[in-house]
Amino acid sequence: MAEHSGEEKDGRRIVRFLSHGPASVREAAVAGKVLLDGGERGAISVSRAALADLVRAGAIVRANDEVALWEAASAGQPANRYRDLEVVTVDVEGLPTQAIVNLSESPLGQLRRRRTKDGRPFLSEVEFRAGERLRTDYTRGQIMPRTGANWVASVASGRRSDGNGIADLTDAALAARLRVERAIAAVGPELSGVLVDICCFLKGLELVEAERGWPVRSAKIVLKSALGVLSRHYSPQCLERQGAARRVLHWGSEDYRPKID
């Protein structure tokens with residue numbers, strides 16, 4: 001566990017370092033480590049395994065002894081566009097997976113950086129991962145906004161015949177769409193709209209408040225409540241562990257057993 005945590009930390013350091021430009025790879029004096037030399041930007045020592053993982057994941061490109069972020073290298077765009085890239089853990093089909101996200105792109109990523117008055121993160125890791133998981137399934141399900149309030153096409157009805165129809169969906173897209181519908185149903189209509197606006201449509205908090213006529217700084221409170229419900233939907237085992245020590249009380253006698261009609 002400690003080794004995995006160390007490689008994850010090195011992965012974040014590599015992404016941040018390469019977000020300022022490419023670097024050359026040199027051998028380090030410590031076994032299992034390499035040096036990333038950025039010239040005037042200095043050099044950092046990182047895990048060889050962490051670097052290899054990012055190359056295999058396609059996050060960075062390595063050509064001989066030169067490495068760079070894949071997007072910056074392939075698009076030929078200034079590296080400073082990616083200064084908010086960070087390696088985070090997200091849920092992909094229920095499994096924790098390392099991924100690179102642009103925190104400046106996602107309102108959820110920006111909220112993840114905020115702290116409460118007592119110094120704790122405003123969003124817990126579980127809440128952040130729940131929001132990113134909803135966004136992933138929303139994208140994979142090929143759900144597009146429609147005119148009116150019915151922003152999710154019902155999978156159960158199967159009556160649509162347009163470009164987003166059920167017949168046009170792959171099995172993976174259909175499964176993702178079903179997961180979105182179950183998640184939205186679990187959260188409820190009062191909170192689900194905020195989740196979709198911020199996590200899926202990437203609307204800013206101020207825009208959501210303006211569109212809904214809400215007071216300033218109220219959207220983040222509603223969002224946190226929604227993410228709390230969503231995280232319990234995705235990870236009910238966490239709730240079970242929290243309540244494991246609690247005894248279930250009832251008014252029946254010791255040998256009481258409920259009857260099922």
Side-chain angles (χ1 to χ4, degrees), residues 12 15-16 19 58-59 69-72 75 77-93 97-115 121-153 163-164 172-173 176-177 179-184 186-231 233-234:
R12 291 194 292 266
V15 170
R16 284 196 296 267
S19 69
L69 287 179
W70 183 86
E71 291 177 319
Q77 297 176 350
N80 58 10
R81 283 191 56 197
Y82 307 99
R83 287 184 179 176
D84 286 333
L85 290 176
E86 185 173 336
V87 179
V88 300
T89 301
V90 297
D91 287 328
V92 178
E93 297 182 356
T97 305
Q98 282 190 310
I100 294 180
V101 299
N102 189 347
L103 297 182
S104 64
E105 174 195 47
S106 168
L108 210 61
Q110 296 174 28
L111 273 178
R112 187 170 178 261
R113 290 177 166 177
R114 295 191 184 181
R115 300 276 173 174
F122 177 74
L123 292 181
S124 68
E125 185 67 23
V126 175
E127 290 168 343
F128 173 77
R129 287 169 60 177
E132 288 297 305
R133 180 173 176 179
L134 179 67
R135 176 186 175 187
T136 299
D137 281 339
Y138 197 90
T139 303
R140 288 184 173 181
Q142 302 172 22
I143 302 171
M144 301 298 293
R146 293 173 58 83
T147 302
N150 184 24
W151 53 266
V152 175
N164 265 353
R177 184 174 286 198
R179 290 194 296 271
V180 169
E181 289 199 350
R182 286 195 293 267
I184 294 303
V187 172
E190 296 84 4
L191 298 174
S192 59
V194 176
L195 278 178
V196 174
D197 278 347
I198 296 176
C199 299
C200 304
F201 293 162
L202 303 181
K203 291 184 179 181
L205 297 174
E206 294 81 3
L207 177 58
V208 170
E209 291 165 353
E211 289 180 344
R212 297 170 182 265
W214 288 355
V216 177
R217 292 186 291 277
S218 60
K220 70 175 185 178
I221 304 301
V222 178
L223 175 65
K224 183 170 176 63
S225 299
L227 289 172
V229 179
L230 183 66
S231 64
H233 165 71
Y234 284 143

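Here the closest heavy-atom approach between residue I184 and residue S192 is recorded as CG2-CB, 3.7 Å. The two residues A176 and G141 come nearest to each other via the heavy atoms CB-N, 3.7 Å. Nearest heavy-atom pair across Y234 and L134 is OH-CA, 3.6 Å. Between S231 and V126, the shortest heavy-atom distance links the atoms CB-CG1, 3.5 Å. Taking every heavy atom of both residues into account, L69 and S19 meet most closely at CD1-CA, 3.6 Å. A pairwise comparison of heavy atoms in L108 and F128 identifies CD2-O, 3.7 Å as the closest pair.
How far CG of L205 is from CD1 of I221: 10.0 Å, rounded to the nearest 0.5 Å. The CG atom of L230 sits 8.5 Å away from atom CZ of R133, with the distance rounded to the nearest 0.5 Å.
Screening L223, L227, I198 for a side-chain contact (heavy atoms from CB on, under 4.5 Å) involving L111 leaves a single residue, L223.
Residues R114 and P121 fail the side-chain proximity criterion, which asks for heavy atoms closer than 4.5 Å. By the 4.5 Å heavy-atom criterion applied to side chains, L195 and C200 are not counted as neighbours.
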Checklist line | Chi angles and distances behind the side chain to side chain contact (heavy atoms under 4.5 Å, CB included) call for W214, V194 | finding: CA-CA 12 Å; W214 288 355; V194 176; 3.3 Å; yes

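Within the structure, every pair that satisfies the salt bridge (charged side-chain N to carboxylate O under 4.0 Å, His left out) test and touches residues 208-223, not counting sequence neighbours, is listed here: D197-R212, K203-E211.
Under the 4.0 Å criterion applied to side-chain N and carboxylate O atoms, R129 and E132 are not assigned as salt-bridge partners.
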